[in-house]
Amino acid sequence: MNKNDIIQSDRRIESGEPLLELIDLKTHFKTERGLVRAVDGVTLSLKRGESLGVVGESGSGKTVLSRSIMGLLPSTAVKHGSVKFAGQDIVGFSAKQMRHLWGAEMSMVFQNPLNSLNPLMKIGKQITEPLKLHLGMDKATATATALQLLRDVRIPEPERRLNQLPHELSGGMRQRVMIAIALACGPTLLFADEPTTALDVTVQAQILDLIGEQRRDRNMSVILVTHDLGVVAGHTDQIAVMYGGKLVEHAPTKTLFANMKMPYTKSLMRSIPKLSDPSHTRLATIPGRPPDLVNPPLGCNFAPRCMYALPKCHVEEPPLTPTADPKHVYACWYPVGSPEFEKRDAELQATGYMPEDFSAVS
Amino acid sequence: MSDATAQANADGAASKRRLGVGFWIAVFWLFIVFFAATFAPWLPFKDPDNNYIVSGERPPYAPSGTHPFGTDQDARDLLARTVFGARVSLTVGLVAIGMGMLFGGFMGIMAGYFRGWWDRVISFVFIIFLSFPALVLAILITALLERSLRTISITLGILSIAPVGRIARATTISFADREFVLAARTLGAKNGRIIIRELLPNVLIPMSALALLGMAVAVVAEGGLAFLGLSVEKGPTWGKVILTGAGSRDLQKAPWIAIIPIIVLFLTVLALNFAGDRIRAYFDVRETAL
Amino acid sequence: MRYWLQRLGVAVALLLAVSALTFGAMNLLGDPLFNILGPTSASTLPEDLEIIEAAKAEYNLDDPLPVRYVKWGSAFVTGDFGVQFSVDGQPPVSDLIKERLPRTVMLLIIAQTMAVLIAIPWALFAASRADKAVDKVSTVTSFLFIAIPNFGLAVILKYLFSLKWSIFPLIFNAADPFWTRVWQLVLPAMALALPVASVYQRLLRTDLITTLQEDYILTARSKGVSKRNVLFKHALRPSLFSFITIFGINTGALLGGSLIVEQIFIVPGLGTAIVEAILREDFPVVLAIVMIVTTAFVVINVLVDLLYSLIDPRVRAS
Amino acid sequence: MAGTGKAHLRDGDKVLSIEDLVVEFKVGRDSTVKAVSGISFDVLRGETLGIVGESGCGKSTTGRAIMQIPPPTSGSIIFEGAELTEMTSSAVREARTRVQMIFQDPVSSLNPRRSVRDSVLEPLEIWKRGTKEERNKLVDEILESVGIDPARAAESKPHQFSGGQCQRISVARALVLDPTLIICDEPVSALDVSVQAQVLNLLEDLKEKFGLTLVFIAHDLAVVKNISDRVAVMYLGKLCEVASSDDLYARPAHPYTNVLLDSIPEPDPEADHSVGKIVGEPPSPISPPSGCRFHPRCAYATDICTRQEPQLRPMGDGHFVACHHPVETPVEIR
Amino acid sequence: GGGSSDSTPDETPDATEAPDATEAPDATEAPDADAAPANTADAAIEIDETDVVEEDSGPVAGGTLRYGLEADVNGINPATSSLSSPGLMMGNAVYDTLAAYTPDGQWVPYLAESFTPSDDFSQWTVKVREGISFHDGTPLNAEALQINFETQRADPLVGLAVKPFFPAENATELIDDLTIQYNLSEPNAQFPGTVSGQLGMIASPTWLAAALVDPNLNQAPVGTGPFVFESRSQDSTTKFVRNDNWWGGEVYLDAIEFIPVTDPDTRNDLLLNGDLDALQTTNAASVGDLQAEDGIQNIIDENGEESFAMINTEVPPFDDVRAREALAQATPLKNYRDLIGLGISRGADQSFVPESKYYNPDVVQQGDNPERALELVAEYCAEKGSDINTVLGETTTCTDGKINIELQWSGPAVVQTRIADLLNEGWKNAGFNVTYDEKPQDEHILETAIGFYNVVTWRQFGATDPSSDNVWLMCRTIGGISLNWPRSCDESRDALLLEAQASEDDATRVALYQELQQKINDDFIYIFLTHTTWDNAFAANVRGVCDRLAPDGEATQCATSGRTWFSSVYFAA
Ligand SMILES: Nc1ncnc2c1ncn2[C@@H]1O[C@H](COP(=O)(O)OP(=O)(O)OP(=O)(O)O)[C@@H](O)[C@H]1O
Ligand SMILES: Nc1ncnc2c1ncn2[C@@H]1O[C@H](COP(=O)(O)OP(=O)(O)OP(=O)(O)O)[C@@H](O)[C@H]1O
Ligand SMILES: [Mg+2]
Ligand SMILES: [Mg+2]
């Protein structure tokens with residue numbers, strides 16, 4: 001693909017078509033243990049300017065999902081399905097073809113700001129690198145642009161920073177630099193993979209605000225990957241909940257929080273301590289551990305850990321079902337609100353949502 | 001867990017958890033060599049010193065049914081000499097690395113665990129030994145003392161103290177900072193117990209992988225000494241057997257004299273290296289769970 | 001600054017320790033009088049006794065060992081390395097060193113350069129294709145080179161390249177012009193360099209693979225940097241640390257290897273000299289060479305430290 | 001904030017009482033990290049004290065100082081009436097059996113080469129408690145009570161367990177010696193939320209079952225609030241605010257506490273996330289700011305804050321704050 | 001050339017031991033080295049003519065001759081260095097000797113104009129040629145000879161070979177500027193022969209004096225010879241350039257480079273590759289290869305040293321002749337001669353080759369008889385098994401019916417080790433329990449000289465004139481440091497030696513030497529193994545090696561004990 005294709009597709013984006021469209025995306029890894037189904041059939045779409053939160057437990061495939069879209073996977077990965085970016089299917093693109101998109105059209109912010117900047121390269125160089133590469137800027141222009149970017153992400157004394165090395169900056173500042181790099185070429189899609197997990201809460205808030213602000217300013221789409229429901233709640237338009245490589249619930253943010261359909265989402269929600277609850281409030285837990293992605297359980301992935309599971313759940317895989325709101329889909333036979341669920345919930349209420357037997361957990 | 005490590009673990013887990021065919025081939029070879037060496041006198045080998053001259057034919061004799069490895073210029077059976085040479089080479093290797101493990105390991109763990117002055121003094125001793133080229137020290141000792149198996153084993157043993165000790169120290173340090181050691185202390189464990197129960201098992205495995213490499217080094221070092229004429233005086237050793245045929249004339253006219261024992265030595269060293277490398281990789285428990 | 005002073009202190013202590021050990025060992029285990037006078041030292045003839053007395057006086061042999069050590073040491077630091085016992089006329093050791101040192105240094109420089117020039121591209125190549133077939137072949141190759149003993153390799157190289165194909169000369173000749181002599185050192189250097197290159201390669205490859213899994217490599221890629229530039233501009237430099245350390249430590253090991261290689265390729269360098277001197281218990285020569293080697297080791301490791309801080313400014317900071 | 005003062009210290013059945021604890025680390029030749037600079041607090045029997053604060057503010061150091069690893073630079077630590085800092089090393093060793101610690105990284109807190117059951121049994125062997133059978137029985141019981149199958153524990157190494165399970169095993173190990181006090185140093189930070197809930201619940205249960213007193217260190221205020229009776233907020237080696245957990249949330253007095261509370265992302269899209277803003281970066285503990293250590297980043301800071309160190313003062317209901325300009329007016333002293 | 005310390009026909013000095021048979025033995029050897037008036041020596045010198053290319057138009061100047069030596073030397077001072085074969089070879093370039101040998105073993109004057117003996121051969125008057133000066137400009141005269149002589153005699157090592165044959169006082173007298181008289185302790189008809197080797201190499205007295213003060217000068221020799229020293233790099237190249245003003249006439253080569261290459265295989269390879277133009281070797285295998293090679297000219301000399309095992313008769317068990325005989329009988333002579341000599345170096349029964357007129361056909365080296373050895377061992381052990389072998393510490397001479405002995409040799413060298421193993425293989429199966437002791441060469445020589453050994457492998461004898469070998473055999477050279485290494489003193493043997501030395505008559509001498517051989521054989525002092533074969537090999541384009549003439553026009557010997565001369569050498573155009 002060349003640059004022209006992208007520019008052409010820009011028109012289509014403005015015409016309201018989705019910027020990113022995933023259709024039954026599957027990413028599997030070949031390992032000696034067998035095929036790891038890290039992402040197993042995800043269908044999504046995202047318009048320009050929108051933000052999507054991807055949440056799920058560790059190992060649920062969030063990172064693999066975003067890297068599958070970016071095309072940044074190790075060679076052991078096999079992709080199926082389609083990824084349409086600006087109308088073009090990029091699933092089969094080689095690294096060489098993807099290079100034109102990376103940085104320029106889609107870019108990424110990683111979890112650990114300590115590691116995601118090259119420790120031995122000056123900040124300035126790291127920011128100007130993509131500018132020269134994609135926009136063909138000369139050194140002076142690139143440096144000026146880099147300065148502007150640093151100002152945009154609100155780094156104090158930007159001139160001085162250009163000549164500093166990452167270790168001379170604090171974690172929060174490094175993450176800002178990362179964001180500046182990601183924004184450098186004005187991408188239309190930004191992936192932020194747990195951008196704040198390694199940061200203090202106070203800094204986390206700043207960074208999330210910064211990303212939100214840049215998204216609005218640049219009319220950029222953002223995919224925010226995190227395991228923290230709190231983070232997505234305040235910073236996204238829609239949320240995709242992943243479990244065991246599958247999309248289990250997907251809805252606009254407010255809809256989701258108002259009306260969680262998946263017992264998994266619900267349990268996740270209940271297991272988070274909330275400031276508004278009085279101290280010593282009993283937390284809900286999800287027993288057991290996430291499914292083995294090599295030998296996923298029959299039927300619903302979540303069934304073995306689901307306190308609401310019924311025999312059917314262990315046999316048959318639930319399809320993604322829309323609710324009344326077509327934008328809200330979920331994959332569950334007995335969603336929250338269904339009679340079977342309510343019945344079971346009443347039973348559980350009595351036991352304080354504790355799984356009966358701990359050793360079942362081990 | 002960061003994605004990068006998650007991935008690394010996942011990648012690594014696949015190949016890491018198995019020793020692989022290569023490892024077993026290496027072990028098999030080592031077994032053969034060790035077995036033959038250990039039981040050489042009771043196995044049906046020829047006398048390694050006897051001159052099996054066939055009248056009218058001038059040695060060296062090429063490999064044949066009677067002499068599978070051929071003979072050297074003095075019509076001595078090279079198979080027997082290689083096997084008996086292995087006794088010396090392997091003894092040297094074992095003693096050397098045994099000493100390295102014992103003294104180096106002990107000193108390294110002490111230095112790594114207690115740090116402070118212990119560390120400074122012991123590390124300094126290690127540096128002294130490392131800054132001498134090992135072979136120079138070996139020649140110095142073997143030239144000044146009698147060239148017996150004991151001297152040479154002990155010399156190479158002394159030489160392996162510092163390298164083994166450094167690894168032991170580094171490994172100890174990396175483990176001494178772990179929280180499980182801290183936990184043991186909060187449980188009231190004394191230093192001795194922490195060292196033996198908590199650290200030793202962790203330090204020993206990387207060290208034993210190193211031990212195999214160290215053995216390889218010692219076996220080669222014996223060869224080096226032999227090349228300088230400083231190996232054990234009496235009886236065959238691998239180095240001496242190789243040296244007998246290493247002149248360019250013999251290489252051209254009777255290549256088997258040097259080449260066959262070189263191959264045996266090479267395979268043994270390769271097997272030791274390889275097995276060591278595999279073991280290290282195998283036991284390299286990176287905590288995967290989570 | 002303080003750090004460097006401390007380093008200097010350690011270096012001096014190290015040199016003292018090494019020299020004391022060597023000095024002690026040679027004097028206790030050997031017989032200096034014999035080494036100075038040869039057979040005459042055992043003579044009982046009156047005129048020979050005079051010679052013996054004179055030698056004892058000249059070389060302070062009646063002094064206790066520590067005193068002799070101090071005398072030797074204080075002469076040594078002024079550049080007076082003593083005389084060669086085993087050579088007729090006992091020329092100063094410094095003559096020998098002046099003659100031999102450049103050869104060995106040249107040999108080691110060629111060897112290290114070769115090793116580095118081989119190892120870096122090889123490691124980059126292997127690491128960028130980690131666990132693919134080519135990488136496995138390269139791993140096996142490096143294992144082979146590491147496992148082949150240096151004397152074996154030297155003998156084989158000499159046989160093939162000098163005797164069979166006559167590509168390289170068979171011998172070092174001090175009377176030849178400079179570049180001819182350099183050319184004569186190439187093959188011995190190769191015998192030293194190949195195993196070392198393999199070691200470097202394996203080390204660098206491992207580190208590169210680790211580096212390539214770092215997030216910042218992903219960052220670089222996600223910026224659209226080409227694979228080659230990722231390797232060269234982003235991955236190589238941060239992966240050089242253990243390589244540099246080993247490079248420093250290896251200089252000592254290489255010198256050990258040069259003992260044998262010089263012997264096989266008939267290069268009259270420091271390696272040959274020290275082997276000979278040890279066999280003849282020519283103490284001043286042994287001591288001088290050991291001290292030179294140790295000093296070189298210390299200096300190189302200081303340089304390695306400097307190099308560290310050049311490569312990684314984080315080190316400079318702390 | 002950089003509060004000192006002891007106004008908040010209480011009478012009563014104190015398990016632990018710390019006064020003027022100072023911990024400094026020498027780094028390099030002439031700089032010291034002032035990790036903890038004169039904090040005091042006490043813990044009553046059966047109480048859970050939460051300690052929160054940003055990374056690097058000295059939480060872990062405080063926890064470790066109680067265990068005497070390393071012993072503090074100065075200050076007093078009275079545990080069950082005995083002064084730990086003046087004890088002989090064998091007495092400290094003995095005392096440590098009654099104070100236990102749980103660490104942040106569940107996997108590295110267990111010896112990777114020993115079966116986890118062994119690790120749990122270890123303390124009993126060190127102290128030669130009971131007969132072999134008794135020991136085994138006790139270990140099995142405790143493993144059961146933290147939800148680990150003893151049979152599996154006997155044959156498995158730590159890496160065969162999940163993080164949450166490892167953390168539960170660490171808890172079991174801390175429990176076998178029947179301690180009075182357990183110091184939990186961020187025991188749930190490395191865990192997934194669902195697992196975090198398991199461990200938090202477990203701690204609550206065990207606390208009741210074994211009559212424990214807890215010091216719970218975390219950087220997540222919501223977690224701390226959930227488990228603690230009383231919360232101490234730390235900033236750069238000093239205490240800012242001490243209050244019961246509900247009270248702290250209801251009426252945070254210190255500007256820093258406010259910022260902390262506001263920064264927490266609530267899993268509620270309707271919540272207002274625009275209030276608390278903090279500026280700048282945390283200063284270096286090597287050369288902490290003068291006066292109130294928070295003043296360079298504080299929206300309310302005035303001149304006095306740069307000069308004078310605020311003392312902890314009562315705000316009523318056992319709520320204390322060290323600030324010249326608390327967000328709510330403190331109760332006048334005397 | 002006489003005794004090298006080296007035990008074997010092969011390359012003595014080993015790989016690590018560059019300088020050869022340094023010390024005493026060489027020095028001592030030199031004096032009497034080559035004096036036979038009527039030796040059939042020639043019979044064993046063979047020039048491999050087949051490879052010599054068509055005679056060309058004649059000598060042309062130019063070219064550098066690269067000569068491969070079997071070892072480097074410690075110094076090149078004939079008065080203070082113990083010169084082994086490589087040293088003597090370099091000496092041949094830079095020095096001239098007073099006398100020289102003709103191909104048939106007669107001495108002729110060389111640097112000396114004339115030698116005039118007193119009637120009883122106890123005084124020799126030597127007159128040197130006029131108008132010759134050293135490379136440094138010092139004139140050659142009688143005083144120069146005297147200074148050379150006295151410096152030699154004063155040297156602790158070289159002196160060992162001089163002192164036993166001269167009175168302490170008045171050993172020389174200056175007659176006139178060019179004439180000097182040597183006064184000997186005993187009559188010696190072969191005196192000029194003794195000054196055809198190291199002792200006859202005359203160095204500049206100025207330089208000798210300077211070298212005593214600054215011994216480093218030993219590395220930079222100054223003589224009257226056809227080549228002038230230019231540079232020397234220890235263990236690498238020593239270079240001499242043409243002396244344009246040589247008194248003896250025109251010299252053709254521009255320069256000679258001597259390159260020590262201790263490994264005989266490599267030395268051969270270098271010659272075949274063209275990196276060398278000439279080499280010396282005693283390695284039987286190398287000699288065979290060189291002879292087989294087309295385009296290589298070989299000068300083969302079997303007159304040189306003999307290889308043998310030498311027994312110390314002073315220390316038990318070998319103070320008893322039965323033990324010595326047992327060792328001889330136990331020796332695997334045939335294996336040694338086949339495997340080490342390879343049929344190239346012939347087996348030896350005595351110190352003369354069969355072609356020599358002194359050869360005694362009745363003398364046969366005993367060996368290869370383990371049964372006899374076992375009998376003798378049993379007999380010895382029964383009687384003297386509890387004596388102490390001091391060489392082995394406090395060990396008794398016998399344990400379990402086996403005699404405990406130590407075998408010492410100079411190493412490290414592959415062939416030396418092979419020889420030790422080979423001998424041990426025979427000895428251990430015939431009642432001996434052998435301890436190994438490999439020593440660096442100088443220590444080996446020292447321990448041999450002071451008698452701290454049981455049996456050593458050794459190489460010696462074979463001087464052009466047998467009287468030059470007296471020094472190894474006479475009672476008077478036993479002492480703290482003995483040149484009579486076996487420390488075997490027999491007055492009647494000494495009498496034979498002196499009588500032979502004083503005589504000019506061939507028949508008398510033959511009878512005397514044959515009797516001597518029989519005596520030595522009966523005493524089992526040496527176990528003779530092989531005659532050393534020296535080969536000087538030259539590339540095809542090297543000419544004139546054997547064309548050197550004495551000033552008076554006689555042809556001279558072209559090679560002896562592995563060394564050749566250079567004044568007549570040139571490269572074919
Ligand atoms: N290169 C790979 N080869 C094999 N399996 C992999 C690879 N990369 C990831 N996986 C597996 O895919 C699954 C999903 O991993 P992923 O990193 O996407 O999880 P995540 O949701 O991002 O978790 P976390 O919150 O820990 O970042 C995991 O089980 C992981 O082990
Ligand atoms: N051994 C040590 N040597 C030097 N400085 C130390 C040491 N231990 C801790 N520090 C410093 O002391 C300060 C407080 O550290 P501490 O670990 O107590 O913080 P914390 O509040 O537990 O942080 P986190 O939330 O990151 O665990 C930090 O600045 C830290 O760098
Ligand atoms: Mg992830
Ligand atoms: Mg902490």
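In what follows, chains are A, B, ... by sequence order, proteins preceding strands, each numbered from 1. Just so you know, these numbers come straight off a predicted model, no measurement behind them.
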Peer 1: Where on L145(B) is there a heavy atom nearer than 4.5 Å to chain C: the side chain, the backbone, both, or neither?
Peer 2: side chain
Peer 1: Distance from T139(C) atom OG1 to F274(B) atom CZ, nearest 0.5 Å?
Peer 2: 9.5 Å
Peer 1: With chain B as the partner, which of I146(C), I148(C), T210(C), L28(C) has the greatest number of non-hydrogen pairs under 4.5 Å?
Peer 2: I148(C)
Peer 1: As an exercise: rank L144(C), L15(C), V10(C), V298(C) by heavy-atom pairs under 4.5 Å with chain B and give me the winner.
Peer 2: L144(C)
Peer 1: How many angstroms lie between CG in L21(C) and CZ in F129(B), if you round to the nearest 0.5 Å?
Peer 2: 6.0 Å
Peer 1: Between S131(B) and V18(C), is any pair of side-chain heavy atoms under 4.5 Å apart?
Peer 2: yes
Peer 1: So which residues of residues 118-127 of chain B are in contact with chain C at a heavy-atom cut-off of under 4.5 Å?
Peer 2: F124(B), I127(B)
Peer 1: Go through the atoms of L251(B) and report whether side chain, backbone, both or neither lie under 4.5 Å from a heavy atom of chain C.
Peer 2: both
Peer 1: For the CG atom of L170(C) and the OG atom of S248(B), what is their distance to the nearest 0.5 Å?
Peer 2: 7.5 Å
Peer 1: Heavy-atom distances under 4.5 Å only: say whether L265(B) touches chain C with side chain, backbone, both or neither.
Peer 2: side chain
Peer 1: Relative to chain B, which of I274(C), L259(C), T294(C), L255(C) shows the most heavy atom pairs under 4.5 Å?
Peer 2: L259(C)
Peer 1: Checking an interface table here. Which of residues 255-263 of chain B come within a heavy-atom distance under 4.5 Å of chain C?
Peer 2: I262(B)
Peer 1: I need the T142(B) OG1 to I278(C) CD1 distance, nearest 0.5 Å.
Peer 2: 8.0 Å
Peer 1: First locate atom CG of L228(B), then atom CD1 of I264(C), and finally report the distance between them rounded to the nearest 0.5 Å.
Peer 2: 8.5 Å
Peer 1: Output the distance between atom CG (L130(B)) and atom CZ (F297(C)), rounded to the nearest 0.5 Å.
Peer 2: 6.0 Å
